[in-house]
Amino acid sequence: MPFWYNNDKPGFAGYSEVVKTLTRSAGSGQAYPRDWTEQGVGELSLWFRGYPVYVGGFEEDPPGTYTISASGIDIWNPSDQFHFAYKQITGAGTIQAQVLSVSHTDDWAKAGVMIRDSLDADSAHAMMAVTPANGVWFGRRAAAGKSSISTAQPGIIAPRWVRLERTAGGLVRASYSEDGNAWTPLGTPEAITMSEPIYIGLALTSHNPDAVCEARFSDVGFSDTTVDPQWTDQDVGMLANTAVPMYVAVTDSGGTDAIVYHDDPNAAVTDTWTQWVVPLRQFADQGVNLADVDRIAIGLGDPVLPGQSGGSGKMYFDDIRLYRSAEEPEEIITVQWLGHSTVKIWTEHSVVYVDPERVPQSLNDATVVCVTHTHGDHYSPSDIAKVSNDQTQFIAPPDVVQRYGSGRTIAPGQTIQLNGVSVTAVPSYNTNKTNHPRSNNWVGFIIELGDKRIYVAGDTDLIDEMKTLADIDVAFLPAGGTYTMNATEAAEATGYIKCGLAIPYHWGQNVGNLSDAQRFAELAKSPAQVLMVNETTSSDSWPEYSPLVAHWKLDEAQGAIAGDGAGDNHGTAYGDPLWRSADGKVDGALELDGLDDYVSTGLVLNPASGTFSVFAWVKGGAPGQAIVSQAGSAGQRWLGAEPVLGNLMTELTPPAAGRSVTQPLVSESIVTDGQWHHVGFAWDGSLRRLYVDGAQVASDSAAIAALESSTSGLYIGAGQNLGQGTFWAGLIDDVRVYNVALSTEEIQEIGSV
C-alpha cells in the first residue's frame with residue numbers, strides 16, 4: 001500500500017494517517033477481525049519501507065552568494081537526478097551566474113544554470129555547467145523522455161561564469177565567460193519546446209549517489225527577465241522522506257483510542273523492507289477494549305501534538321496481520337552504515353552504536369555506545385553526545401574511557417552483558433603498518449542482540465584471531481586499505497570468519513572508494529552486500545549461514561552432470577562412469593572404472609584460506625588411487641589411498657620451508673577392502689585429522705604451518721594431474737565439502753545412514 005504524507009499543508013491537521021474501519025466489505029464480503037483476543041492473538045505485525053532522507057540544500061549566505069548541496073546520479077540521458085533552486089517565468093528569459101566552486105564528488109559533477117520545462121525527472125531542459133575535471137558543459141534534452149545531447153569544452157574550471165538565453169520561440173543559447181563581460185558561445189543554439197510557465201535557476205548534481213556535492217554561486221542575474229524575488233528549491237528525480245514519527249492507532253467501539261509509536265525516529269527514512277511488531281498489550285494498557293476493535297490507523301507525524309512533526313514523503317505498507325502468541329515473530333535486527341566507521345545496530349528494544357562519528361542528527365537513542373580506539377575518525381565526543389542519553393552505557397578500551405572521562409573498560413576476549421545486549425571485544429590491530437599496534441589492545445566488537453551476532457572489526461589487518469570467530473551473522477570489515485585491510489585482504493577475511501553476510505566499511509570518506517567496496521563483494525567467500533551511506537539491512541533478509549559449501553549426492557540416474565545440492569558448483573562426469581541409482585550408501589552412487597572416469601567440479605576452496613573438511617562414502621578402489629584431489633600442478637590430493645596397502649591418507653601439506661618438509665598424513669585404516677567406508681579429512685588451522693567410519697584414525701602430533709595454497713577446482717575420483725593409476729575403481733557417494741573443521745559428533749552424524 002503506497003501512502004503519501006505531507007504534514008505541512010496549510011489548513012490541514014498537521015499529521016497524516018490512513019484509517020481502516022473493521023467492518024464487512026460491501027464489495028467482496030471480506031470480514032476484518034474485530035475481536036483481537038481470540039485464539040491467543042498477542043501481536044500486530046506490519047511491514048514498511050520509506051525513502052532516504054532529503055539531502056539537497058540551498059542557502060544564501062552572505063547575501064548574493066548561494067550554496068547548493070546535492071546528490072544524484074546525473075543530469076543526462078532520459079532521466080535526471082539533481083537539486084534545483086528555481087523561479088518561474090513566461091516568455092523569453094536569460095540567466096547567468098558565476099560558479100565559484102564545485103566539489104569533486106566525480107569528474108562529471110555539474111553545477112550551473114538551467115532552464116526547464118517541468119520538475120519531472122525526464123523534462124525537456126537546457127543546462128550550462130562547470131564540472132570539476134571535464135571543463136564547461138552544455139547539456140540539453142529537446143523533449144520529455146528523450147536522450148540528452150551535450151557539448152563540452154575541456155580544460156576550464158571554476159570559478160567561471162555561465163549563461164543561458166531562451167528566445168520567445170524556444171531557441172536556447174549557451175555561453176561561458178572568465179569575467180562576466182566577454183562571452184564565448186558553446187555548442188549550437190537548440191530549439192527546445194517548453195510550456196509556460198518555465199522553470200529557471202541553479203542546478204547541481206553530484207554524479208555520485210553516495211556522496212553529497214556542494215557548489216557555490218554568486219552574481220546570479222536574470223537580464224531582461226521578470227522573476228519573483230523568492231527562490232524555491234527541491235530535489236528532482238529523487239524521492240526523499242522527512243524523518244517524522246510513525247505510529248499505529250486503534251480505536252474500540254466505545255471510542256477509546258490508543259497510539260503506539262515506532263521506537264526508531266528514523267523509521268520513515270528506512271529504505272529497506274522492515275517488520276514492525278507491536279504487542280497488543282500496548283493498546284490494552286491504554287484502555288482499548290481489544291475484544292471489539294472498531295478501526296486501525298497508520299500514520300506519520302504526531303496526532304497528539306499536531307504540527308510538531310512537519311515534513312513529507314512516501315511510505316509503503318504491506319502484510320498487516322495479527323499473530324497468535326505461539327506464532328510470535330522472530331525479533332528483527334537492523335543494521336545501518338552511517339558512513340566510514342560508524343555502524344548502528346538496533347531492535348525494538350535496544351540501540352547500539354559502534355564508533356559514532358559525523359552523526360547527521362541528534363537522536364539520543366543509544367542503549368550502548370562502543371568505541372574501538374582513540375583515532376578521531378572513530379572516537380568523537382561530540383558525536384557520542386548526539387546519540388547518548390542519561391541511560392546510555394559507554395564501552396571502550398581503557399585509553400578511550402580515560403579520555404572520555406567515564407564508561408566501562410573492555411579488553412580483547414572480555415564480554416560485558418547488559419540488559420538485552422552482549423558486547424564482546426576481539427583483537428583489532430595492524431600486522432604490517434604502525435597505525436594500530438597490537439600492544440595498544442584496541443578492539444573490534446561482536447554485538448549480540450536477540451539470536452544474532454554482528455561483528456564490527458574496527459581498524460584491523462587480516463589477523464589469525466579472525467579464524468577463531470564463530471557463528472557470525474553479519475561482519476563489517478574495513479576494505480579501504482592504507483590504514484587497514486584492503487578489499488582483497490578483507491575478502492580473504494570472510495574465508496576466516498565464515499559469516500552469513502559480509503559488509504565492507506571504512507571506505508568512501510578518508511580512504512577507499514566505491515570500487516574498493518564492489519571489489520570486496522566480488523571476491524568475498526561469503527554472501528556480501530555493499531551498503532551506501534545511511535542504508536540499512538535487516539535480519540529478515542540476511543542469508544542463513546551454512547558451513548556446507550558443496551554436496552554432490554551422486555544420485556543422478558543419467559547424463560553427465562553431477563548436481564551440487566548446496567550451491568552452484570555442479571560437476572561434469574568424464575570417461576564413461578555408471579550411475580548406480582540403487583547401489584549407493586545414501587540412495588544412488590557413481591561407479592568409476594579406474595581407467596579414465598572422474599568428475600570435474602568448479603568448486604574452488606583454497607586450503608591456505610582457513611579451516612575446512614571433506615567427506616565421502618567410498619567402496620572398492622585400490623592402493624594409490626584418489627578419492628578427492630585439487631586439480632593442477634599446484635593441487636594436492638585431499639583424500640586417497642596410499643600406494644602400498646590402501647590406507648586412507650592426505651597429501652595436503654604446508655609448503656616446504658628450507659629443509660623443513662611436512663610429510664603427508666597417513667592412517668593405519670585400509671579403505672580399499674571392498675566395503676563401504678565413510679572417509680574424511682578436517683583441517684582446523686593447525687592440525688590435520690583423518691577419519692574413517694566416524695572415528696579419528698590419524699592426526700598431526702603438533703601444530704603445523706598453513707597448508708599450501710591452490711585455487712583450482714576439485715576432481716572426484718582422480719588425482720590432481722589425472723595421472724595413470726590415480727583414477728578410482730569403485731563406487732563413490734555423497735561427497736561433501738565444509739568450510740569449517742567438523743567435530744567428531746558432527747562427523748558421526750553425517751555418517752549415520
Engineer: Do the two ring centres, one from Y483 and one from H436, sit under 6.0 Å apart?
Structural biologist: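 Between Y483 and H436, the centre distance exceeds or equals 6.0 Å.
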Engineer: Please tell me whether T653 and Q636 have a donor and an acceptor in their side chains that are separated by less than 3.5 angstrom.
Structural biologist: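 Their side chains do contain a donor-acceptor pair, which is all the 3.5 Å distance test asks for.
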Engineer: Do D564 and H551 have side-chain N/O donor and acceptor atoms under 3.5 Å apart?
Structural biologist: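 No, H551 and D564 have no side-chain donor paired with an acceptor closer than 3.5 Å.
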Engineer: Could you tell me whether the side chains of T572 and S600 share a donor-acceptor contact shorter than 3.5 Å?
Structural biologist: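 Looking only at side-chain atoms, S600 and T572 do not form any donor-acceptor pair under 3.5 Å.
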Engineer: Between S629 and A718, is there a donor-acceptor pair closer than 3.5 Å when you use the side chain of the first and the backbone of the second?
Structural biologist: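 It does hold such a pair.
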Engineer: The criterion is side chain to side chain contact (heavy atoms under 4.5 Å, CB included); which residues satisfy it with S712, sequence neighbours excluded?
Structural biologist: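 Listed in chain order: Q630, A631, S710.
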Engineer: How would you list all residue pairs meeting salt bridge (charged side-chain N to carboxylate O under 4.0 Å, His left out) that involve residues 573-582, not counting sequence neighbours?
Structural biologist: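 Output for this query lists R580-E591.
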Engineer: Could you tell me whether R689 and D684 make a salt bridge, using a distance below 4.0 angstrom between a side-chain N and a carboxylate O?
Structural biologist: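 Answer for the salt bridge query: yes.
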Engineer: Does W683 have its ring centroid less than 6.0 Å away from the ring centroid of Y738?
Structural biologist: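 No, the ring of W683 stays outside the 6.0 Å limit from the ring of Y738, centre to centre.
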Engineer: State plainly whether the residues R519 and D516 are in salt-bridge range, i.e. N to O under 4.0 Å.
Structural biologist: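 The answer is no: the pair does not qualify as a salt bridge.
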Engineer: Please list all pairs passing the side chain to side chain donor-acceptor pair (under 3.5 Å) test where one or both residues lie in residues 724-733, with sequence neighbours left out.
Structural biologist: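 Every pair satisfying side chain to side chain donor-acceptor pair (under 3.5 Å) with a residue in residues 724-733: there are none.
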Engineer: Taking the six-membered ring for Trp, are F681 and F615 closer than 6.0 Å centroid to centroid?
Structural biologist: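 For F681 and F615, the ring centres are not under 6.0 Å apart.
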Engineer: Under 3.5 Å, is there a donor-acceptor pair between the side chain of R438 and the main chain of S428?
Structural biologist: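 Absent.
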Engineer: Has K619 got its NZ or CZ under 6.0 Å from the middle of the six-membered ring of W617, at an angle within 45 degrees of the ring axis?
Structural biologist: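 Judged by the rule, K619 and W617 form no cation-pi pair.
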Engineer: Is a donor on one side and an acceptor on the other found under 3.5 Å between the side chain of T460 and the backbone of A457?
Structural biologist: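 Judged by distance alone, no pair lies under 3.5 Å.
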Engineer: Run the salt-bridge test on K585 and D734 with the 4.0 Å N-O cut-off and return the result as yes or no.
Structural biologist: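 D734 and K585: not salt-bridged.
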Engineer: Is the backbone N or O of G588 less than 3.5 Å from a side-chain atom of W579, with the two atoms forming a donor-acceptor pair by type?
Structural biologist: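 Checking the backbone N and O of G588 against the side chain of W579, no donor-acceptor pair under 3.5 Å is found.
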